[in-house]
Amino acid sequence: MKDINNPDKKRILVIDDNIQIHQDFKKVLLISKEEENDLGKLEEALLGKTDDQQLEKYTIDCTSQGEEGLELVEESIRKKEPYALAFIDVRMPPGWDGIVTISKIWEICPEIQIVICTAYSDYSWEELFDKFGYTDKLIILKKPFDNIEVRQLTCALTKKWELNKIANLKLNELEEKVDERTKELNETKIKYQNLYDYAPDMYFSVSPEGVVLSVNKYGAEYLGYKPEELIGGSVWIVVYKEDLKETQKQVSEIFKKKLIKSELEFRKIRKNGSILWVHERTHLFLDDKGTPKELLVMCRDISDRKQIEQQLEISEEKYRTMIEHSNDMIWTLNEKGEFTYFNKRSEELTGYKSKEGFGKTFVPIILEEDLEMVQKVFMDTLAGNSNQYEVRIYDAEKKNILTLSVNTAPIFKDGKIVGSVSFGRDITKQKNAEKELTTHQEHRKLINKILSHDLTNNLSVARSALRLNKESPETDLLDKASGSINKSIQLIKRMRDLESFVSFQRGLASFNVNNIVNKIVKNYPSVSYKITGKANVLADEAFSSVIDNIIGNAVIHSGTKKIDISIINKGKMCEIKIADYGVGIPDKIKNKIFEEGFVSGNTGHSGLGLFIAKKTLEKYSADIFVEDNKPKGSIFILILRRV
């Protein structure tokens, strides 16, 4: 893999039918320190001192026609030395124009950044949008262009291309890991599927009249028959005579009441006269009119289990030893939903004592959100069905919540259901890990939004300052542009630190509100500030962007010249009030300003600032809302946890 962080590897393509333009680009972008003119001195004031190696960091290829440009792009891809940026003229007779050339290039190299260079209004932005859709990889540069603007634009776009490359490499690595894990899971699934498909069970298909419609080979042979000896005959010939009447009654009820699923236990008789206990699970198929068509019966020999049950009935001590030392929670309920048994594992996990729970229902220990579901499962179990579900319960002191994976089945006595037995496995750690993974993924998305939003704003400020400086050179404008770019660099560093923090620690840390506020306000020297109070709060590196977005909005959009910031400690919480004295926020949009992409008026902004602030605070279990500031202006109120 090539080192994409090496500036010498950033390749630029110029496609313009004017050969002089080729030389202009090389002169602007490949300038040496000895040849620096007044333009270079302005760049030094903006970006700081740079050595020769940093200045000559581009490889520039030039061509006069779009077709030739496409060939160079194809060759760069074959050599695995792709272009980062292309400057393309709109008019290049007699061949393709710039728009056709861009379309062809993006078909084979969609990640390349492109600047359209034109002295005419051949295409409006709306026409470009209709052609290419919304994209952040296309910028229009009007001729004649300013040298500093070209250099700054080249620096920003190649850096953006470089960051995209890094992000894609990381994404590919993650996708490879996901693919490996998916492959492992699929292989495991196939193994378990095969175990199920070829399990030694007996399968019968029976008509409403009790005629055997089909039987698997294993089932027939297990009973001592050939399949053809059973198919077409009565299914009752394999039922033990003492269980025949009750079994016929239960099967009749299945067809009569249209019970799609049910379970039975009774004795069968082999052809040689030997007897075995079976557990049957049935599935009833209905025709298009809802009339029972056939009953699929899945039988498993449970003779050994019955023998064990008989032994357990004889020796209750052995029975209790096996249950009490289980790694899973085991409990039984009567028909009223009252506890009749708790094993030791249940006592250890919940803190409840067996005697304390006897005669009490399960209602008080179930979370209210899960109670209705558990009640439905319990009623379904009493109807004769086994169930599997997940449920959250309180411990005895109601301080902790456990998540259980539960398997439940009816308890039969003398052929009647008298309650249910449940086996619960503690999966709390697994659920917390899944939740943590989801939060981590959401945090990464938020980091990308912050970078996209704040970098765009900062570069817009820098670009505006440079344009104004071109019209009327002022040191303050250059300082403003330089400060905006430095702010972008610091933002990238903060977000990189934040990503590392989230990846390895996955938690919050203590941040001093005053330090963050004092640092942010320096970015807006035209506004006066009053800061009162102090506190440390639980947050991460993104908290600086929250404060910056709120103050920036107040300065840029509301036109305030004064901001008051109050930091108030309230018990375990901290309240931060940021009050401006600008135009205020209309009541009709107060509930919308925190929505993603919401823009009021012709601001030219993305509408992400306050949305990012809201989502960031949600990660801290914090909140934000806005009120009117009397007599005018707005107050943004942030509620965070104190350290």
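Computation of the quantities below employed the complete heavy-atom set of this structure, encompassing side-chain atoms and omitting hydrogens, waters and symmetry-equivalent molecules. Count residues from 1 along the sequence.
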Subject >> Nearest heavy-atom neighbours spanning T408 and S422 >> reply: OG1-OG, 3.1 Å
**OP:** Decide yes or no on side chain to side chain contact (heavy atoms under 4.5 Å, CB included) for L617 and L640, but give the supporting numbers first.
**Re:** CA-CA 8 Å; L617 290 172; L640 295 95; 3.9 Å; yes
**OP:** Answer yes or no: is there an ion pair linking K619 with D540, defined by an N-O contact shorter than 4.0 Å?
**Re:** no
Original post:
Do other residues, nucleotides or ligands put more than 12 heavy atoms under 6.0 Å from E175 CD?
Top reply: yes
Subject >> Within-4.5 Å side-chain heavy-atom neighbours: I637 and I624 >> reply: no
Original post:
If only atom types and distance count, is the side chain of N216 paired as donor or acceptor with the main-chain N or O of Y203 below 3.5 Å?
Top reply: yes
Original post:
Is the shortest side-chain N to carboxylate O distance from R300 to E280 below 4.0 Å?
Top reply: no
Original post:
Would E294 and S207 count as a side chain to side chain donor-acceptor pair (under 3.5 Å) if you check the C-alpha gap in whole Å, the side-chain angles of each, and the deciding distance to 0.1 Å?
Top reply: CA-CA 5 Å; E294 65 178 281; S207 72; over 6 Å; no
Original post:
If you measure from the Lys or Arg side-chain nitrogens to the Asp or Glu carboxylate oxygens, is any gap between E221 and K226 under 4.0 Å?
Top reply: no
Original post:
Taking the side chain from T291 and the backbone from D287, do they hold a donor-acceptor pair closer than 3.5 Å?
Top reply: no
Original post:
If you measure from OG1 on T403 to CG on D370, what distance do you get to the nearest 0.5 Å?
Top reply: 8.5 Å
Original post:
Closest heavy-atom contact between I77 and I108?
Top reply: CD1-O, 3.4 Å
**OP:** Can you see which heavy atom on P292 is nearest to which on P208, and at what distance?
**Re:** O-CG, 3.8 Å
Subject >> Step-by-step side chain to side chain donor-acceptor pair (under 3.5 Å) determination, R642 to N536 >> reply: CA-CA 6 Å; R642 290 180 58 202; N536 284 12; over 6 Å; no
Subject >> Sidechain N-carboxylate O distance under 4.0 Å for K344, E347 >> reply: no
**OP:** Kindly determine whether N343 and S346 satisfy side chain to side chain donor-acceptor pair (under 3.5 Å), including the steps that lead there.
**Re:** CA-CA 5 Å; N343 71 338; S346 299; 2.7 Å; yes
Original post:
Can you tell if the side chain of L284 reaches within under 4.5 Å of the side chain of L259, non-hydrogen atoms only?
Top reply: no
**OP:** Could you point out which residue of L367, I366, L371 forms a side chain to side chain contact (heavy atoms under 4.5 Å, CB included) with E369?
**Re:** L367
Subject >> Salt-bridge criterion met for E253 and K258 (N-O under 4.0 Å) >> reply: no
Original post:
Considering residues, nucleotides and ligands other than K306, do more than 12 of their heavy atoms fall under 6.0 Å from its NZ?
Top reply: yes
Subject >> ring-ring contact (aromatic ring centres under 6.0 Å, His included) partners for W277, two or more places apart >> reply: none
Subject >> No-hydrogen, no-angle side-chain donor-acceptor test under 3.5 Å, Y218 and D201 >> reply: no
Subject >> Polar side-chain atom of S234 near backbone of V211 as donor-acceptor pair, under 3.5 Å >> reply: no
Original post:
Where do K592 and E595 land on the salt bridge (Lys or Arg N to Asp or Glu O under 4.0 Å) test, with the steps shown first?
Top reply: CA-CA 5 Å; K592 298 180 179 180; E595 295 176 0; over 6 Å; no
Subject >> Distance-only polar pair, side chains of N387 and T381, donor-acceptor under 3.5 Å >> reply: yes
**OP:** Check whether any side-chain N or O of T332 sits under 3.5 Å from a backbone N or O of Y341 as a donor-acceptor pair, and report yes or no.
**Re:** yes
Original post:
Does Y389 reach the side chain of M373, with side-chain heavy atoms less than 4.5 Å apart?
Top reply: yes
Subject >> Point-to-point distance, once rounded to the nearest 0.5 Å, from CD of Q375 to CG of D380 >> reply: 13.5 Å
Original post:
Looking at K413, R281, R305, which one forms a salt bridge (charged side-chain N to carboxylate O under 4.0 Å, His left out) with E265?
Top reply: R305
**OP:** For side chain to side chain contact (heavy atoms under 4.5 Å, CB included), just list the numbers for F285 and L295, CA-CA rounded to whole Å, side-chain angles, deciding distance to a tenth of an Å, and then say yes or no.
**Re:** CA-CA 6 Å; F285 292 95; L295 186 67; over 6 Å; no
Original post:
Is any side-chain N of the basic residue among K177 and E173 closer than 4.0 Å to the acidic one's carboxylate O?
Top reply: no
Subject >> Whether K268 side chain and I237 backbone form a donor-acceptor pair below 3.5 Å >> reply: no
Subject >> Partner set under ring-ring contact (aromatic ring centres under 6.0 Å, His included) for F378, not counting sequence neighbours >> reply: F362
**OP:** Under the side chain to side chain donor-acceptor pair (under 3.5 Å) rule, what do E263 and S386 come out as? Steps first, then yes or no, please.
**Re:** CA-CA 8 Å; E263 297 190 31; S386 296; 2.9 Å; yes
**OP:** State the CG-CZ distance between L538 and R641, to the nearest 0.5 angstrom.
**Re:** 5.0 Å
**OP:** Please round to the nearest 0.5 Å and tell me the distance separating atom NZ of K293 and atom CG of L296.
**Re:** 13.0 Å
Subject >> Axial cation check for Y225 ring with R270, 6.0 Å and 45° limits >> reply: no
Subject >> Shortest non-hydrogen separation from I231 to V215 and the atoms involved >> reply: CG1-CG1, 3.9 Å
Original post:
Looking at V235 and V239, what are the two nearest heavy atoms and their distance?
Top reply: O-CG2, 4.1 Å
Original post:
Is the side chain of N168 donor-acceptor paired with the backbone N or O of N164 at a distance under 3.5 Å, no angle test?
Top reply: yes
**OP:** For V206 and F255, work out which heavy atoms get closest and say how close.
**Re:** O-CZ, 4.1 Å
Original post:
Is the backbone of Q388 close enough, under 3.5 Å, to the side chain of N407 for a donor and an acceptor to pair up by distance?
Top reply: no
Subject >> Stacked cation flag K614 on F594, 6.0 angstrom / 45 deg >> reply: yes
Original post:
Is it true that a side-chain atom of D414 and a backbone atom of K416 form a donor plus acceptor pair closer than 3.5 Å?
Top reply: no
